[in-house]
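To start, the structure under review is shown below, and the notes come after it.
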Amino acid sequence: MGIIVQKFGGTSVVTQEARCRVAEHVASAVNSGKQCVVVVSAMGRAGDPYATDTLINLARQVYEDTSAREMDLLISCGEIISSVIVANTLKAHGIDSMVLSGGQAGIITDSNFGNAQIIRVEPDHLLRHLSEGKVVVVAGFQGVTESGDITTLGRGGSDTTAAALGVALGAEVVEIYTDVDGVKTADPRLVPDASTIDRMSYEEICQMAHEGARVIHPRAVEIAMRRNVPLRVKCTFKESPGTLITYSFEAGRPWPSVRNGRPVTAVTHIPNLARVKLLTSEIPQELEFELFRSLADVGISVDMINVSPEAIAFVVSESVADRAERTIRALGLEVSICRGCAKVSIVGSGMRGLPGVMARLLQAMKDAGIRVLQTADSHVTISCLVKIENLELAVRALHSAFGLDNKSPLAEEKKGE
Ligand code: ADP
Ligand code: ASP
Ligand code: MG
């Protein structure tokens with residue numbers, strides 16, 4: 001009998017009405033003869049009583065510096081509460097179910113509290129309950145260290161739980177249920193008519209997730225990819241096939257790199273960034289190394305790094321901009337920080353080696369009256385930094401310029417082929 005893992009995000013478990021939809025999806029898997037593992041997130045988003053952000057704020061109201069270990073203990077409760085309520089809902093629908101915390105489900109992690117990595121999964125306990133004919137509901141986002149401390153897997157980490165269990169159990173598929181009907185060509189909050197991508201590769205979704213498409217956690221994709229477990233992103237509230245994610249090979253042959261006539265698959269964004277800039281003429285070369293070492297020592301990760309004989313520029317999360325400024329000034333260096341920035345990226349394996357993509361991007365930004373502050377690229381991504389007030393406009397401009405909104409010249413060219 002095949003195993004299926006179904007993961008339900010915060011908005012899919014926040015009301016009893018939503019949880020009844022969850023029960024329908026689980027019933028349909030069980031009725032089709034599958035053994036079913038259900039992974040749940042904490043109920044709702046910031047402001048909802050048992051959501052992760054609500055629990056974080058609860059601790060911070062009393063004391064700003066809760067230790068990472070204790071914060072993990074607290075926020076793991078959000079998923080535990082949710083798992084019991086979801087299992088109760090399943091039982092109310094006549095589905096025999098039981099609950100395991102992440103640790104009880106055999107998820108063993110390192111002790112990097114707040115962003116722990118899964119070391120291994122010991123699925124025996126879970127498999128025993130499955131073989132008794134039960135649906136096992138697992139609290140997502142958490143694990144346990146070898147010494148018994150509860151850890152969490154980083155924000156959005158219930159997807160990682162689902163992928164890790166899918167791999168450990170040899171699942172046929174891991175279904176990620178959320179509030180949108182699949183992976184879209186842009187965040188539908190910014191581009192309401194973004195279309196759903198029916199099929200994509202692990203590599204592309206991974207790149208999208210790293211560049212801000214939070215519909216799935218990048219680590220979940222990396223884990224599923226290692227063992228070739230298919231992922232399907234679907235909507236809890238709507239019947240639709242969603243997005244199937246697999247390798248970009250079918251019957252041993254690669255997919256064409258440019259699909260639907262479009263080199264770009266999606267536009268992604270990351271808000272709330274700050275640009276850090278130093279004039280290189282004022283920095284002795286040995287201090288360049290010191291600069292990045294000092295930032296690493298205080299736990300600041302840098303992105304869009306550009307080191308040239310004229311200047312050093314890079315991007316940090318706005319939440320650590322003050323810390324970055326203090327750290328750099330402590331080295332005796334002058335620095336200018338531009339807060340209120342956002343990163344907008346085009347992602348697509350079809351742009352690999354294709355001339356003209358950068359020109360089209362810059363033309364679109366110019367036509368929209370948007371100044372690009374900095375760019376960075378990889379073989380399947382081009383990113384640009386803009387002021388946050390231009391974020392929505394920039395995402396829409398690129399979505400249209402690369403033919404993703406079905407109204408643009410590229411889409412027309414395609415129709416005329
Ligand atoms: P869940 O709680 O179900 O894990 P998340 O909030 O983590 O849900 O992820 C779903 C959200 O991801 C959607 O509501 C949507 O706004 C956002 N999102 C960002 N980029 C994309 C994209 N390219 N396709 C689909 N959704 C996206
Ligand atoms: N509840 C956790 C979070 O909000 C994990 C998740 O939802 O995937 O980050
Ligand atoms: Mg999520």
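For ligands, and for the atoms within them, numbers begin at 1 and follow the listed sequence.
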Discussion item. One residue to check: Val215. Relative to ligand 1, which of side chain, backbone, both or neither has a non-hydrogen atom less than 4.0 Å away?
Written reply: both
Discussion item. Check contact between Gly157 and ligand 2, using heavy atoms of the residue and a distance below 4.0 angstrom.
Written reply: yes
Worksheet item: Does the N or O separation between Arg214 and ligand 1 drop below 3.5 Å for any pair?
Response: yes
Worksheet entry | Shortest protein contact, atom 4 (O) of ligand 2 (heavy atom only) | Arg155 NH2, 2.9 Å
Item to complete: Please verify whether a non-hydrogen atom of Gly182 lies at under 4.0 Å from ligand 1.
Response: yes
Discussion item. Check contact between Gly156 and ligand 2, using heavy atoms of the residue and a distance below 4.0 angstrom.
Written reply: yes
Discussion item. Counting non-hydrogen protein atoms only, what is the nearest one to atom 13 (C) of ligand 1? Give residue, atom name and distance.
Written reply: Asp179 OD1, 3.4 Å
Worksheet item: Under 3.5 Å between some N or O of ligand 1 and some N or O of Ser41?
Response: no
Discussion item. Tell me whether Glu132 is salt-bridged to Arg128, with the criterion being a basic N under 4.0 Å from an acidic carboxylate O.
Written reply: no
Worksheet item: Does a donor on one side chain and an acceptor on the other come within less than 3.5 Å for His25 and Thr236?
Response: no
Discussion item. If only side-chain N and O atoms count, and only distance matters, is there a donor-acceptor pair under 3.5 Å linking Thr243 with Arg232?
Written reply: no
Practice prompt. May I ask you to list the atoms of ligand 1 that are less than 4.0 angstrom from any heavy atom of Ala213?
Written response: 20 (N)
Item to complete: Number the atoms of ligand 2 from 1 as they appear, then name those within less than 4.0 Å of a heavy atom of Ser41, with their elements.
Response: 6 (C), 7 (O), 8 (O)
Worksheet entry | Shortest protein contact, atom 4 (O) of ligand 1 (heavy atom only) | Lys7 NZ, 3.1 Å
Worksheet item: Can you check whether Thr52 has an N/O within less than 3.5 Å of an N/O in ligand 2?
Response: yes
Worksheet item: Does Glu204 come within less than 4.0 Å of Arg199, counting only side-chain N to carboxylate O?
Response: no
Fill in: Salt-bridge contact Glu175-Lys7 (side-chain N to carboxylate O under 4.0 Å)
no
Fill in: Thr161 side-chain N/O to Phe141 backbone N/O, donor-acceptor pair under 3.5 Å
yes
Worksheet entry | Taking atom 24 (N) of ligand 1 as the reference point, the nearest protein heavy atom with its distance | Lys184 N, 2.9 Å
Item to complete: Take every heavy atom of His217, measure it against each atom of ligand 1, and state whether any distance is under 4.0 Å.
Response: no
Worksheet item: Backbone, side chain, both or neither: what part of Arg189 comes under 4.0 angstrom of ligand 1, heavy atoms only?
Response: side chain
Practice prompt. Tell me which protein heavy atom sits closest to atom 10 (C) of ligand 1, plus the residue, atom name and distance to 0.1 Å.
Written response: Thr178 OG1, 3.4 Å
Practice prompt. Output yes when Asp179 and Arg189 qualify as a salt bridge under the 4.0 Å nitrogen-oxygen rule, no when they do not.
Written response: yes
Item to complete: Tell me which protein heavy atom sits closest to atom 15 (C) of ligand 1, plus the residue, atom name and distance to 0.1 Å.
Response: Asp187 OD1, 3.4 Å
Worksheet item: Could Asp53 and Arg155 be called an ion pair, given the rule that one side-chain N must be under 4.0 Å from one carboxylate O?
Response: yes
Discussion item. Between Arg323 and Glu325, does any NZ, NE, NH1 or NH2 come within less than 4.0 Å of an OD or OE carboxylate oxygen?
Written reply: no
Worksheet item: So, does Glu79 sit close enough to ligand 2 that a heavy atom of it is under 4.0 Å from the ligand?
Response: yes
Practice prompt. Using a strict cut-off of 4.0 Å, indicate which atoms of ligand 1 neighbour a heavy atom of Val183.
Written response: 24 (N)
Worksheet item: Would you call Arg21 and Glu17 a salt bridge, using N to O less than 4.0 angstrom?
Response: no
Practice prompt. Indicate yes or no: does an N/O atom of Ser158 lie under 3.5 Å from an N/O atom of ligand 2?
Written response: yes
Practice prompt. Please identify which atoms of ligand 1 are closer than 4.0 Å to at least one heavy atom of Met208.
Written response: 23 (N)
Discussion item. Can you confirm, on distance only, whether ligand 1 has an N/O atom lying under 3.5 Å from any N/O atom belonging to Arg45?
Written reply: yes
Worksheet item: Salt bridge or not for Arg69 and Asp149, using N-O below 4.0 Å?
Response: yes
Discussion item. Evaluate Val38 against Val135 for side-chain contact (heavy atoms from CB on, under 4.5 Å), listing each step before the verdict.
Written reply: CA-CA 7 Å; Val38 174; Val135 167; 3.7 Å; yes
Worksheet item: Would Asp159 and Arg219 pass as an ion pair if we require N to O under 4.0 Å?
Response: no
Worksheet entry | Cationic N near anionic O, under 4.0 Å, Arg19 to Glu24 | no
Worksheet item: Counting both backbone and side chain atoms, is some N or O of Phe141 under 3.5 Å from an N or O of ligand 2?
Response: no
Worksheet entry | Any N or O of Gly10 closer than 3.5 Å to N or O of ligand 1 | yes
